[in-house]
Amino acid sequence: MLSKKTKYAIKALMVLGRNYGNEPMQIVKIAQEENIPKKFLEQILLEMRNAGILYSKKGAGGGYSLNKAPEDIFLSQVMRLIDGPIALLPCVSLNFYRSCEECTEEHACGIRDTFVEVRNAMLQILNDTSIAHLISKEKELNLNVD
């Protein structure tokens, strides 16, 4: 399940993506726009800044902005940064692999084999979905509501 922290990170990136090319945004404004607790958001934004996704500017006119174009920030990158592994089992993780304690023959495990397929399908979507794509999709969905 997607953690609240990752969901807030994606929402904040969408706000900053819609603001891309403009002045940096203050944390308070981002928090209000997406109803995210300010203190929690500060931690998330700092983590993303340290990873190079965001740029921060101190002082008057300061705040946060994207360090990359919204087209170049993908959900897989954000999810791994905030929550770590994307795979549902440690034995199928690409970046955080660990063998299962109870498994004696990993290569012959039907559970593992199935969850490799799940991981691959999920990664395909997450690797192809950028912040720009989410912003565009949201606009499209809002048009279909009217």
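Hydrogens, waters and symmetry mates are skipped; everything else that's a heavy atom, side chains included, is used.
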Please say yes or no: joined through hydrophobic side-chain contacts below 4.5 Å, possibly via intermediate residues, are [X] and [Y] part of one cluster?
X: I30; Y: F40; result: yes
X: L13; Y: L81; result: yes
X: L2; Y: M122; result: yes
X: L134; Y: Y20; result: yes
X: I10; Y: F74; result: no

Side chain to side chain contact (heavy atoms under 4.5 Å, CB included) evaluation trace for L126 with V78:
CA-CA 10 Å; L126 297 174; V78 177; over 6 Å; no

Can a donor-acceptor pair be found between the side chains of N142 and E138 at a distance below 3.5 Å?
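No donor-acceptor contact under 3.5 Å links the two side chains.
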
Would you say the side chain of [Y] lies within less than 4.5 Å of the side chain of [X], judging by non-hydrogen atoms?
X: R80; Y: S76; value: yes
X: S130; Y: I73; value: no
X: Y8; Y: P37; value: yes
X: D83; Y: M79; value: no
X: E106; Y: C91; value: yes

Taking CG in N22 as the centre, count heavy atoms belonging to other residues, nucleotides or ligands within less than 6.0 Å. Is the count above 12?
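Enclosed: over 12 neighbouring heavy atoms sit under 6.0 Å from CG of N22.
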
Which value, rounded to the nearest 0.5 Å, describes the distance between [X] atom [atom1] and [Y] atom [atom2]?
X: L54; Y: L46; atom1: CG; atom2: CG; answer: 9.5 Å
X: S99; Y: R112; atom1: OG; atom2: CZ; answer: 10.0 Å
X: L89; Y: C103; atom1: CG; atom2: SG; answer: 10.0 Å
X: H133; Y: M14; atom1: NE2; atom2: CE; answer: 10.0 Å
X: I36; Y: I44; atom1: CD1; atom2: CD1; answer: 6.5 Å
X: Q77; Y: I82; atom1: CD; atom2: CD1; answer: 10.0 Å

Ion pair E47/K5, N-O distance below 4.0 Å:
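Yes, charged N to carboxylate O under 4.0 Å.
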
May I ask you to decide whether K39 forms a salt bridge with E42, counting only side-chain N to carboxylate O separations under 4.0 Å?
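A salt bridge links K39 with E42.
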
Can you check side chain to side chain contact (heavy atoms under 4.5 Å, CB included) on I27 and Y64, steps first, answer last?
CA-CA 7 Å; I27 292 175; Y64 282 89; 3.7 Å; yes

With sequence neighbours excluded, residues passing side-chain hydrogen bond (donor to acceptor under 3.5 Å, both in side chains) with E23:
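By the side-chain hydrogen bond (donor to acceptor under 3.5 Å, both in side chains) rule, E23 matches no residue at all.
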
Contacts of E71 that satisfy side-chain hydrogen bond (donor to acceptor under 3.5 Å, both in side chains) - sequence neighbours left out:
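E71 satisfies side-chain hydrogen bond (donor to acceptor under 3.5 Å, both in side chains) with no other residue.
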
Just to verify, which of D128, N127, N120 counts as forming a side-chain hydrogen bond (donor to acceptor under 3.5 Å, both in side chains) with Q124?
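One option only clears the test, and that one is D128.
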
Which of these passes side chain to side chain contact (heavy atoms under 4.5 Å, CB included) with Y55: N67, L66, L16?
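Only one of N67, L66, L16 forms a side chain to side chain contact (heavy atoms under 4.5 Å, CB included) with Y55, namely N67.
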
Look at the side chain of R119 and the backbone N and O of L88, then say whether any donor-acceptor pair between them is shorter than 3.5 Å.
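Checked: no pair found.
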
So, does S136 use its side chain to make a donor-acceptor pair with the main chain of A132 at under 3.5 Å?
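No; judged by distance alone, with no hydrogens or angles, the pair does not exist.
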
Starting from the C-alpha separation in whole Å, work towards a yes-or-no answer on side chain to side chain contact (heavy atoms under 4.5 Å, CB included) for L94 and I86.
CA-CA 9 Å; L94 294 174; I86 291 172; over 6 Å; no

Among R18, K29, K7, K4, find the one that has a salt bridge (charged side-chain N to carboxylate O under 4.0 Å, His left out) with E34.
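Testing E34 for a salt bridge (charged side-chain N to carboxylate O under 4.0 Å, His left out) against R18, K29, K7, K4 leaves exactly one candidate, R18.
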
